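First the structure, then my questions, so here it is.
Keep in mind that what you see is a predicted model, and the values were worked out from it rather than measured. So that the names make sense, note that chain A is the first sequence line, chain B the second, and so on, each numbered from 1.
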2 protein chains.
Amino acid sequence: MHKEMPESDYPDIRELHLFSDMAHDNFMSLMRGAYVQAFPPQIELITEGDPSDFLHVVLTGSVDLFCSWNGRETSMATVRPISTFILAATIRDAPNLMSARTLEKSRIALIPSQDVRAVFNADNDFARAIVTELAQCYRSVIKTQKDLKLRTSLERLANFLLRQQKRAAGDTGFDLPFEKRRLASFLGMTPENLSRAFKGLQPYGVTVTGTRITIEDQHDLEKFAKPSPLIDDDST
Amino acid sequence: MHKEMPESDYPDIRELHLFSDMAHDNFMSLMRGAYVQAFPPQIELITEGDPSDFLHVVLTGSVDLFCSWNGRETSMATVRPISTFILAATIRDAPNLMSARTLEKSRIALIPSQDVRAVFNADNDFARAIVTELAQCYRSVIKTQKDLKLRTSLERLANFLLRQQKRAAGDTGFDLPFEKRRLASFLGMTPENLSRAFKGLQPYGVTVTGTRITIEDQHDLEKFAKPSPLIDDDST
DNA sequence: TTTGACGCTTGATAATTATCAAGCCTTCGG
DNA sequence: CCGAAGGCTTGATAATTATCAAGCGTCAAA
């Protein structure tokens with residue numbers, strides 16, 4: 001059912017910070033034990049509570065990490081190429097805390113968790129790379145939590161739009177990177193309220209046309225959104 | 001101003017998972033460069049945004065980790081003996097994402113971040129222990145985030161009380177581990193609403209007398225709270 | 001002991017957010 | 001091209017949560 005990973009995929013993965021420093025032999029050993037599979041959209045790759053059998057790497061497409069409780073569901077993050085997910089569960093040999101589903105047609109690499117743990121024990125540079133990666137992940141979640149606890153939904157949306165605009169560099173506008181319903185869930189609100197929140201940002205120069213967003217005067221929106229590097233910057 | 005750490009404190013710190021596996025020489029090197037200081041209550045130990053100069057270890061007392069934005073403030077976690085905080089910022093040599101203040105009179109060990117990073121680079125066992133620690137921290141934050149996004153404030157309180165009761169083992173009740181106002185902030189609500197939420201749990205057998213909580217029929221409260229190991233268990 | 005500070009509670013009210021119910025629009029398969 | 005499905009929007013309403021204002025209780029400093 002799964003296919004072995006073709007060697008043509010090795011370089012992309014090797015470029016990831018997580019794998020770039022490890023010994024060649026160990027990297028090859030991980031790759032040779034790995035699989036690659038193309039999934040259609042909306043396929044549930046992992047289910048929260050299940051043991052983490054594989055470290056996943058998104059090669060193309062995109063994957064939604066989400067959680068459920070008591071009939072409710074919320075989107076936690078979207079993973080885009082090229083990056084890994086469920087590293088923490090893999091390392092701790094613990095059950096996944098989040099489920100994952102493909103948002104679009106996606107190629108996913110699956111590295112058996114046992115192999116990852118074995119190489120983690122054997123390769124000191126890999127262990128250190130995992131430290132950096134996990135520290136980064138941890139800080140990223142802390143930022144999201146600050147966003148959730150300190151801001152209203154309107155403020156969260158405003159800051160989200162500013163972050164996206166920043167990514168789009170000099171461009172005059174940008175397209176939302178996923179469906180509005182998913183954005184709503186990610187921001188901790190309902191689709192109905194996201195729709196209203198967009199209208200609420202019109203006075204600050206935000207225009208929405210389908211999936212296209214334009215921010216008339218970035219400075220104007222910033223005066224409302226008050227972005228902070230300790231919440232909104234990727235790097236710090 | 002700071003005092004060198006007395007050797008009598010070494011064993012307690014050495015017992016922490018983070019330090020238990022590392023080479024003796026490296027441990028001693030960390031300890032000899034470390035300071036210990038007793039702080040009165042309500043002292044701000046670190047401020048978010050500042051560089052992380054020290055890895056902190058709470059020896060006695062307790063420390064509140066909190067965040068601010070736009071004049072608002074929220075409590076993120078309480079650190080109790082014996083454990084460390086701001087490990088991630090220390091390792092990444094990045095600014096602290098959270099502030100910290102003593103809740104009571106507390107003895108804090110301060111290990112220079114430079115030393116921690118140096119030993120991290122030199123000691124492979126220490127590096128691996130950090131991986132385990134960070135993975136644990138990461139998963140813990142994810143659980144908190146699920147709690148926040150999937151549950152109402154009443155449900156969060158109910159589950160918090162059940163977790164505390166579990167810690168109190170067979171006891172018939174327990175005392176809240178900190179002020180109600182801080183609990184409110186931690187749970188993402190106002191003190192006023194926490195007060196009302198306690199009343200809202202009376203029908204499920206929760207009695208509050210000052211700081212003392214008793215849960216009449218744990219099963220009854222669980223039927224309402226629906227605790228999940230993927231949100232509420234420390235271990236998984 | 002007194003007094004003030006401060007945390008907790010309660011009530012009234014307002015703001016925020018969710019839910020329900022249509023209706024609109026795009027998309028995609030027939 | 002048509003029609004159904006599903007995402008998006010809008011309005012009305014309800015639930016949740018926050019704010020404001022006051023009073024109560026406790027604790028510690030004077």
I want to check one thing: is the phosphate of dT16(C), taken as OP1 and OP2, less than 4.0 Å away from some side-chain N or O of Thr152(A)? no
Hey, does the side chain of Lys180(A) come within less than 4.0 Å of dT9(D)'s phosphate (OP1/OP2), counting only N and O? yes
Between Gly188(A) and Leu194(B), which residue's closest nucleotide on DNA chain C lies nearer the 5′ terminus? Leu194(B)
Going by an N to O cut-off under 4.0 Å, is there a salt bridge joining Asp232(A) and Lys166(A)? no
Assign each of Arg151(A) and Glu192(A) to its nearest nucleotide of DNA chain C by heavy atoms, then name whichever residue's nucleotide is nearer the 5' end. Arg151(A)
Spacing of Met189(B) atom CE relative to dC8(C) atom P, expressed in whole Å: 13 Å
Do Tyr204(B) and Phe224(B) have ring centroids that are under 6.0 Å from one another? yes
In whole angstrom, give the distance that lies between atom NZ of Lys149(A) and atom P of dT17(D). 14 Å
If you check every side-chain atom of Ser153(A), which of dC8(C), dT17(C), dT9(D) has the closest atom? dT17(C)
Below 4.0 angstrom from OP1 or OP2 of dA18(C), is there any side-chain N or O of Thr190(A)? yes
Would you call Arg182(A) and Asp64(A) a salt bridge, taking side-chain N to carboxylate O under 4.0 Å as the test? yes
If you take atom types as modelled and just measure distance, does the side chain of Arg196(B) reach the base of dT19(D) with a donor-acceptor pair under 3.5 Å? yes
Under 4.0 Å between a side-chain nitrogen and a carboxylate oxygen: does that hold for Glu222(A) and Arg163(A)? no
Fit a plane to each ring of Phe160(A) and Phe178(A), take the angle between them on a 0 to 90° scale, and name the class: parallel (under 30°), tilted (30 to 60°) or perpendicular (over 60°). tilted
Describe, as an angle rounded to 10 degrees, how the axis at the first end of the helix from dT1(C)-dA30(D) to dG30(C)-dC1(D) is tilted relative to the axis at the last end, five pairs per end. 40°
Nearest whole angstrom, please: distance from the C1' of dG6(D) to the CZ of Arg181(A). 8 Å
d(CZ, Arg212(A); P, dC8(D)) in whole Å: 18 Å
Given atom CZ of Phe198(A) and atom P of dC8(D), what is their separation to the nearest angstrom? 10 Å
Whether Glu155(A) and Arg72(B) form a salt bridge (side-chain N of Lys/Arg under 4.0 Å from carboxylate O of Asp/Glu) is what I want to check. yes
If only side-chain N and O atoms of Asn193(A) are considered, is one of them under 4.0 Å from the OP1 or OP2 phosphate oxygen of dT17(C)? no
Tell me whether Glu48(B) is salt-bridged to Lys146(A), with the criterion being a basic N under 4.0 Å from an acidic carboxylate O. yes
Atom CD of Glu179(B) and atom P of dA5(C) are separated, to the nearest Å, by 18 Å
